[in-house]
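Here the structure comes first, spelled out in structure tokens, and everything after it is commentary.
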Amino acid sequence: MTISSQKDPDRYDFVSIETKWQNHWLSEQTFKVDEDSTRLKYYLLEMFPYPSGRIHMGHVRNYSIGDVIARFQRMRGFNVLHPMGWDAFGLPAENAALKHDTHPAKWTYENIDYMKSQLQRMGFSYDWDRELATCDPEYYRWEQLFFIKMYEKGLVYRKLTSVNWCESCQTVLANEQVIDGQCWRCDNQVLPQDMHGWFFRITDYADELLSECENLTGWPEKVLTMQRNWIGKSVGVEINFPVEGTDHVLTIFTTRPDTIFGATFMSIAPEHPLVELSKHTGQTELVEEFVARTKIAKKKQRPGEELEKEGIFIGQYCINPFTGNRIPIFTANFVLMEYGTGAVMAVPAHDQRDFEFAQKYELPIKVVVQPENKQLDSENLSAAFEAPGILTNSAHFSGLNSDDAKSAITAFAEEKGFGKSKTTFRLRDWGISRQRYWGTPIPMIHCTTCGVQPVPEQDLPVVLPPDAKPDRSGRSPLHFLESFYRTTCPSCGGEAKRETDTMDTFVESSWYFARYACPDYTEGPLDRDRVDHWLPVDQYIGGVEHAILHLLYARFFTKVLRDLHYISIGEPFKNLLTQGMVIKDGVKMSKSKGNVVDPNDLIEEYGADTVRLFSLFAAPPERDLDWSDKGVEGASRFLNRVYRFVENNKNLLLNAPAQLPSDLDEKSRALHRKTHQTIRKVTTDLENDFHFNTAISAVMELVNLMLSVVSDEADHEIMPAVIKEAVDSTLLLLSPMTPHFCSELWEITGHEESIEKQTWPSFNAESAKEEEITVVLQVNGKVRSRLLVSPEISDDELKELTLQDDKVQKFVGAKPIRKVIVVPKKLVNVVA
RNA sequence: GCGAGAGUGGCGGAACUGGUAGACGCACUGGACUUAGGAUCCAGCGCACUUGCGUGCAUGGGGGUUCAACUCCCCCCUCUCGCACCA
């Protein structure tokens, strides 16, 4: 970093000041934290970064917000845990390794080193002793242990799953490597292929994950809504339809059992096993052709695009157990195998999709629910009627309303044994297998005689072999590395093969917050006492892009760890703050847009404190931040003004008495008052909703007043003790946001003990009280005049003064006064 | 389509439980200091009319409640984000 700015006489020397204090904090271990039962704990966490190379403005914003809260809470007396680490596994490392002909580990650790230096250059108050990197075997070994414990508990299983397969690269692709249905590397068509993969049974926790949303009062409603939708609970019924002339039963799931008498055909997913029934029906070839075509079309489908509804009769019928009617079975491209049973009863009169399908294939439409205000006719319906209504054409259920019919029909089906009530979730089990190198090895062994076996605990960790390295084949090198996969079966001792899949990197980030409580612990994954002491996280901060996956997985994992008796809590994050994106010129910063601002350039030009100050000042944290180069200059100017003021009044400040005189003159009282009002404002802004922008503007007001009433050192109009109080308060209030700057000025103004050790200033309500208040006088709701009065004034006096007011009299004129409304100490409205 | 959030000066944004709309900052304009000003300081700055005092109009649009609405209610428009054939 250049030191040229040091020579600039117009600016304070932020380079040497920031270096000085960063070294001071490091050597003094200012932010090291231990368990201390005498003080209240506060666990503040920001989402840890992926070590992609260098920090970007999103990090700067996220961590600046976090650092203010950390420093603020320390000054308020909390014992603050504020750790940082690295979400270090992931695909980009493999890609970069290929590109630069290096090893993912080398690339990752070099990035970590560099980014750590950048974070330190920003002056963030982390306890670096707790730093962790998820690619460290000492971290992921415990994750492997969790995996085995979960396996033993039945929370892990293996099943066939459809993956993205590129035939020409002979490799599995991650979803982000599939672009418009084509391979990112060779542009070949990506096809689905069935492969074995490992799954976490997150659906076992679906109900709890949903119901606990209720108690997450410290989370933004937006995030909770997203989580609820993602879990997607729906209550309905499963009904069995026997397939005519076979032993097969087609099971469907519906939330509308009240429409069952209107089912005129069945739709099953192209992947549904009973599609096989088309064999020997004469429809076979057509069906096979349709299924193959649909699978490809689904892969090609762009997000947001809806395929035209299509289907084909599979040549078989099933029987509606309620009516005994024969219903044709179709396979249709809009039925999802992953949801429900992969089969639905089609009720064209009451479901728009089925309606469109029925029209296209000229299938019967039968109205069985009538709206209350009109009569629908099956013959000329223009759209499905999806709302609830009164049942018709439904045997003895006719006449019931939809709600009652739902329970009656469900009960009937259960009683007769051809159905049962059922709750279905949109949430699927979490597929964690990745056919990748740079991830946590899944600690399992495949033995041809004993089947799948977990790696014995004492053999953990299964270390990712450093001698392997991704190559251009695109396939995981673990797959070919005999020294890795060749092993012996822990059960029979025979030859066996290790699992070569690695875990989804979301697994690492699902428990890192717990490990921060005891990163040095070697006896097990978590030191129960310390973890129980620190958790839950009191305040979690990160981008809203993690609102669903990361936060849901972390919640799930916490519950699993609780049930495995590693921790006591069930919810990891008590309060959540999701900060907005950093945008520039109205769009998200991105390389392709060419509007990226590099934090390094800014630090070099203005110093870390200015960068922090502006990113906090420009918008409240939850909103998007519109980056403005001019705005940064404004922040820089402000700090320079404060610096100059302190420098110019150094002697006065050094010699000022610590105690305020008991009797203050009017001008001094005004500054004293503003000081206390500012302390009050900043304190409430910081503790309520982290609105740093308004907190900073309050301090700016104080500084503006200070500058306007104290012109120079010779001017003794304002009592020195009052000036000192104002300056000290300014520095204390600003110190969480611009810590180097305030530390330096704190020292310059003669304080022995560093500012980090100070307690947060408190305000005196009496001092903050206004001596005179402005009361607005309105006539018929329009502001016509103002009164400067004592806050002690009574409503009657106020009314009196209002009616005497010239302006008020002028606007009232000759009209009779009908009413006078007095809002105490605020406003008087005369209605004439 | 469904869900959530947001629309306030030229710009970023303020405004407590309905009670002075536009704090603070940026930009801009005029002035001072100066060899110079991209530094600093002072003043102005929602729009319209007005020499001025002032007056009128303004919080996406339209209605409503109220003495009083950025704030509450109804309808509509726009934007952002999330989900998206979930039966």
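By the rule that a glycosidic angle within 90° of 0 means syn, B:G9 counts as syn.
Residue A:K826 is classed as a base contact, given a heavy-atom separation below 4.0 Å to a base. Counting any heavy atom pair closer than 4.0 Å across all strands shown, A:D624 reaches sugar-phosphate atoms only and no base atom. The residue A:F692 sits apart from the nucleic acid: no heavy atom pair falls under 4.0 Å. Looking at heavy-atom distances under 4.0 Å, A:Q778 makes contact with a base. Across all strands, A:T424 comes closer than 4.0 Å to no nucleic acid atom at all (heavy-atom distances).
The phosphate of B:A27 has OP1 or OP2 within less than 4.0 Å of a side-chain N or O from A:R637. At B:G54, none of the side-chain N or O atoms of A:R784 fall inside 4.0 Å of OP1 or OP2 (strictly under the cut-off). When the side-chain nitrogen and oxygen atoms of A:R353 are compared with OP1 and OP2 of B:C86, one or more of them lie within a distance under 4.0 Å. For the pair A:K222 and B:G5, the criterion of a side-chain N or O lying under 4.0 Å from OP1 or OP2 is not met. At the phosphate of B:A14, OP1 or OP2 sits under 4.0 Å from a side-chain N or O atom of A:N693. Put simply, A:R623 has a side-chain N or O that comes within less than 4.0 Å of OP1 or OP2 on B:A14. Note on A:N704: a side-chain N or O is less than 4.0 Å away from OP1 or OP2 of B:G25.
Here B:C24 is the nucleotide among B:C57, B:C24, B:C41 with the atom lying nearest to any side-chain atom of A:E701. Taking the side chain of A:N229 as heavy atoms from C-beta on, and the options B:A4, B:G3, B:A27, the nearest nucleotide is B:G3. Closest to the side chain of A:T225, from the set B:A14, B:G3, B:C83, is B:G3. Taking only side-chain atoms of A:R644, from C-beta outward, the nucleotide of B:C57, B:C41, B:C86 with the closest atom is B:C41. The side chain of A:S697 approaches B:C24 more closely than any other nucleotide in the set B:A27, B:C86, B:C24. For A:P620, counting side-chain heavy atoms from C-beta on, the closest listed nucleotide (B:C86, B:G19, B:G13) is B:G13. Counting only heavy atoms from C-beta on, A:M226 has its side chain closest to B:G82 among B:G82, B:U20, B:A87.
Rounded to whole Å, the separation between the P atoms of B:C75 and B:G82 comes to 27 Å. Taking atom C1' on both B:G46 and B:G22, the two are 8 Å apart, rounded to the nearest angstrom. Nucleotides B:C81 and B:G9 have their C1' atoms positioned 27 Å apart, rounded to a whole Å. Straight-line distance between the P atoms of B:A21 and B:A27: roughly 28 Å, to the nearest whole Å. Spacing of P atoms, B:G30 relative to B:G38, comes out at 12 Å, to the nearest Å. Using atom C1' as the reference point in both B:A39 and B:A23, the two lie 27 Å apart (nearest Å). Here the separation of B:C45 from B:G25, taken at their P atoms, is 15 Å to the nearest Å. For the C1' atoms, the distance from B:U20 to B:A68 is 12 Å, rounded to whole Å.
For the pair A:K810 and A:A698, both in contact range of RNA chain B, the more 5′-proximal nearest nucleotide belongs to A:A698.
Put simply, the side chain of A:K309 and the base of B:C85 share a donor and an acceptor less than 3.5 Å apart. A donor and an acceptor atom never sit less than 3.5 Å apart when one is taken from the side chain of A:R641 and the other from the base of B:C41.
Residues A:F253 and A:V344 approach most closely at O-CG1, 4.3 Å, considering heavy atoms.
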Step by step, would you call A:E221 with A:R228 a salt bridge (charged side-chain N to carboxylate O under 4.0 Å, His left out)? CA-CA 10 Å; A:E221 200 49 47; A:R228 288 190 184 106; 3.4 Å; yes
Stepwise, does the salt bridge (charged side-chain N to carboxylate O under 4.0 Å, His left out) test hold for A:K360 with A:E310? CA-CA 8 Å; A:K360 179 164 180 170; A:E310 258 193 292; 5.0 Å; no
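A:R353 meets the salt bridge (Lys or Arg N to Asp or Glu O under 4.0 Å) test with A:D351; sequence neighbours excluded.
Taking the ring centroids of A:F241 and A:F418, they lie at or beyond the 6.0 Å cut-off.
Rounded to a whole Å, the CZ atom of A:F334 is 9 Å from the C1' atom of B:A87. Going from atom CG of A:L616 over to atom P of B:G25 covers 17 Å, rounded to whole Å.
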With pairs defined as Watson-Crick or G-U wobble and both distances under 3.5 angstrom, please note down RNA chain B as a dot-bracket string, | for pairing with another strand. (((((((..(((......[....))).(((((.......))))).((((....))))..(((((..]....))))))))))))....
